[in-house]
Amino acid sequence: MFLQQVVNGLSVGSVYALIASGYSLIYSLLGFSNWAHGDIAMVGAYIALIAQTSGHVPFWLAVVLAIAGAGCVSMLSDMVAYRRIRNNHSPKMFLMIAAMGLSITLQNLIMVTVGPRFRTYGDVIPVRSIRLGGISLGVLDLLTMGIIVVALVALGLLIGRTKFGLGVRAASSNMVTASVLGVDVNLYIRLVFLLAGVFAGMAGVLLGLKYNIYPTMGSIALKAFIACVVGGLGSVPGAILGGVTIGVMEALVGGFISSGLRDAFTFALLIAILLVRPSGLLGKNIVDKA
Amino acid sequence: MLSSYAQGLIILVCINVIAVTGVSLLTGFTGLFSFGNAGFMALGAYVSAIASVELHAPFLVSLVAGVLVAAIIGFGLGRLTLGLRGDYFLIATLGFGQVVQVLIEFFDKVTGGARGFANIPPKTTLWIAVVLAVGSVAVAANLIHSKFGRNFTAVREQEVAAEAVGIDTFRFKQMAFVLSAMFAGFAGGLFAHYYMYIVPKMFDINESALFTITVVVGGLASLSGSVISCVVLTLLPELFRSLASYRMLFYGMAVVAIILIRPSGLMGYHELSFGWIRERMRAKRGKTASKERKT
């Protein structure tokens, strides 16, 4: 029973980790909370749905379209809104407020075009489970975890081993210095938004497969934000650690204590960790300079 | 005199003005972003509603009870979280807002849970709402022009420097936070006694986000800007009610547009006063005059 809940938690937690890693990448570069990130995931889920129901394309192609579409919407959001705010040298909170406006816009755009109803993809993935030593593993859960582990390992290699990753790390450590040294910072920011959008699109489709598709499904990103703070803002490994921790804890609280109190326990965990480590588990300690 | 629809709108504006004034003190003047203010509003609403219905307390007493509970919880939350920086603080307050909602739903024997709490006496009349909103703004305006207000601004502009000249920044952050919680609790009490029926969903994270958006759109460090933007942003969706589902779409786009076009908000760092208007007009005249000279 205990192990079963841990496995369930890992499945949900891996989706949190996927959303949180994109959010954390953007935070590490620009230092703002991208409130529209969850809504990008929602847009991805809807692109797959529309491609599947109206376009009658095979599901794998619908998923590819969703991931590409979410990446493009994410990149566009930077080109239309955030870049101009950066160029104005406005405080960082304006980026956050613009993201909130964008979040409201995207949700209501879907609401008026597709409608507020709950939708599903139908039986795309067989609802079967594999029994393994007393634990039942859903095919979908296994698939989710597998895809996400591959995606996160690929992200790690991309950031750690490639020239692109070096540029991103340089820009996140000091944007002005990086641009002086010849890193095209605006290009890197755009590519990071694309990458974060791709991950969000993936997460959106996976969430749609597991639960439902509806205009406010992006609010699950709140959990991903909390995961980032628990792990340390701007740290991608921290975001993954935070996501998995919160997923497992939610499953355990839901299974053994009360599903109604899940969010209260998540909050208690958040406060407890921040009291001990004010910058999260793996976050850098920020000190204000005079 | 006024139709009941118009009266309802004015009462709604007044309630929002009170809540936004609290957020304006915190965000506009102290520079702290909180996403828990809808949570404090929920506390004020539920405590005052339960006091009115279950304990048959007079309206004023139940309002004060709501404000006090919001203040006490705000003080406790502030102690725990005000040492955190930037987005860490923001997410902590966001989590608080979520927890308030979850707990109200969980203790459904007392609060009615997700089904809501009904039969609250309709005590918030037009005149009460207007007088209390004007009073709240006046209190906040006085506070800003006092020594406390200047210390709030010092915390916002240069926290380290403020600390260096001997301002106990934690204490002033704490004070601003508790004050904003009290304004929110007050607005919540009036809200409950106007709608007569409350559900936890009314006080969700979106409500907190709307308060913050209102303050930023109005312009930071401008109480009058917050009030103007609150009136406009509350009435705007009502004017477009016939467009039904499109109104929130326009609302979202308008927020993005305002941030892009006028980053300092409607009235950033200025207060609406006769002096300010005179100065603006003189500046405008000067600008056109210099243009004429050029051509």
Side-chain angles (χ1 to χ4, degrees), chain A residues 27 31-33 35 77 80-81 84-85 88-109 111-112 115-116 216 219 222 225-226 228-230 232-233 258 260-271 274-275 278-280 283 286-290, chain B residues 27 31 33 77 80-81 83-92 94-103 105-108 113-114 158-161 163-164 204-206 209-210 212-213 215-217 220 244-261 263-265:
Chain A
Y27 192 94
F32 85 104
S33 292
W35 284 82
S77 70
V80 173
R84 298 177 58 179
I85 298 171
N88 284 347
H89 298 286
S90 303
K92 279 180 181 145
M93 60 190 157
F94 287 115
L95 292 167
M96 190 181 77
I97 300 292
M100 285 173 173
L102 197 66
S103 157
I104 297 174
T105 308
L106 288 176
Q107 279 177 24
N108 288 285
L109 191 67
M111 204 95 90
V112 295
T216 52
S219 64
L222 288 181
F225 296 167
I226 293 182
C228 282
V229 167
V230 165
L233 278 167
S258 149
L261 285 179
R262 251 189 349 219
D263 287 2
F265 275 85
T266 310
F267 177 67
L269 174 81
L270 172 75
I271 293 292
L274 289 181
L275 282 180
S279 308
I286 333 156
V287 180
D288 270 2
K289 276 171 255 173
Chain B
T27 304
F33 271 87
L77 183 70
L80 288 177
T81 58
L84 301 170
R85 308 237 154 250
D87 287 27
Y88 288 95
F89 173 73
L90 185 141
I91 304 276
L94 182 153
F96 164 75
Q98 299 274 91
V99 166
V100 170
Q101 236 181 301
V102 166
L103 290 182
E105 280 178 25
F106 187 75
F107 293 108
D108 54 354
Q158 280 292 339
E159 196 174 333
V160 179
E163 191 88 50
D204 63 0
I205 161 85
N206 294 325
L210 290 185
T212 302
I213 287 176
V215 168
V216 174
V217 165
L220 292 173
S245 45
Y246 282 91
R247 66 200 174 103
M248 282 313 279
L249 178 62
F250 291 139
Y251 182 91
M253 295 198 302
V255 170
V256 179
I258 290 172
I259 293 295
L260 286 180
I261 296 164
S264 56

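What you see is a predicted model; the values in this text were computed from it and never measured. Atoms considered below: every heavy atom in the structure, side chains included; atoms not considered: hydrogens, waters and symmetry mates. Order of the sequence lines fixes the chain letters, A, B, ..., with proteins taken first and strands second; residue numbering starts at 1 for each chain.
With chain A as the partner, the residue from B/Thr27, B/Leu90, B/Val217, B/Val216 showing the most heavy-atom pairs under 4.5 Å is B/Val216. With chain B as the partner, the residue from A/Leu109, A/Ile271, A/Ile97, A/Asp263 showing the most heavy-atom pairs under 4.5 Å is A/Ile97. For the set A/Met96, A/Met111, A/Gln107, the count of heavy-atom pairs under 4.5 angstrom toward chain B peaks at A/Met96.
Checked by atom type and distance alone, the side chain of B/Tyr88 never pairs as donor or acceptor with a backbone atom of A/Val229 at under 3.5 Å.
Heavy-atom distances place both the backbone and the side chain of A/Leu261 under 4.5 Å from chain B. In this structure, chain B has a heavy atom under 4.5 Å from the side chain of A/Leu270, while its backbone stays farther away. Only the backbone of A/Phe32 comes within contact range of chain B, judged by heavy atoms closer than 4.5 Å. Proximity to chain A (any heavy atom under 4.5 Å) is shown, for B/Leu80, by both the backbone and the side chain. Looking at B/Phe96, the atoms closer than 4.5 Å to chain A (heavy atoms on both sides) sit in the backbone and in the side chain alike. For B/Glu105, no part sits under 4.5 Å from any heavy atom of chain A, backbone or side chain. Heavy-atom distances place the side chain of B/Leu77, and not its backbone, under 4.5 Å from chain A. Heavy atoms of A/Leu95 lying under 4.5 Å from chain B are absent altogether. The part of B/Thr81 that comes within reach of chain A is its side chain, from C-beta onward, which places non-hydrogen atoms under 4.5 angstrom from that chain. Looking at B/Ile258, neither its backbone nor its side chain comes within 4.5 Å of chain A, counting heavy atoms on both sides.
Here the shortest heavy-atom pairing between B/Met248 and A/Ile104 reads O-CG2, 3.5 Å. Here the shortest heavy-atom pairing between A/Ser258 and B/Phe106 reads OG-CE1, 3.4 Å. Of all non-hydrogen atoms in A/Val80 and B/Leu260, the two that sit nearest each other are O-CD1, 3.9 Å. Between A/Leu274 and B/Ala92, the shortest heavy-atom distance links the atoms CD1-CB, 4.4 Å. When every heavy atom of A/Thr105 is checked against every heavy atom of B/Leu249, the shortest pair comes out as O-CD1, 3.3 Å. Nearest approach of A/Ala98 to B/Val256, heavy atoms of both residues: O-CG2, 3.6 Å.
Taken to the nearest 0.5 Å, the CG atom of B/Leu84 stands 7.5 Å off from the CG atom of A/Leu275. Rounding to the nearest 0.5 Å places CG of A/Asn108 at 10.0 Å from CE of B/Met253. Rounding to the nearest 0.5 Å gives a distance of 6.5 Å between CD1 of A/Ile226 and CD of B/Gln98.
In this structure the side chain of B/Asp87 reaches within 4.5 angstrom of the side chain of A/Tyr27, judged on heavy atoms. B/Val100 places none of its side-chain heavy atoms less than 4.5 Å from the side chain of A/Phe267. Between B/Thr212 and A/Met93 there is no side-chain heavy-atom pair separated by less than 4.5 Å.
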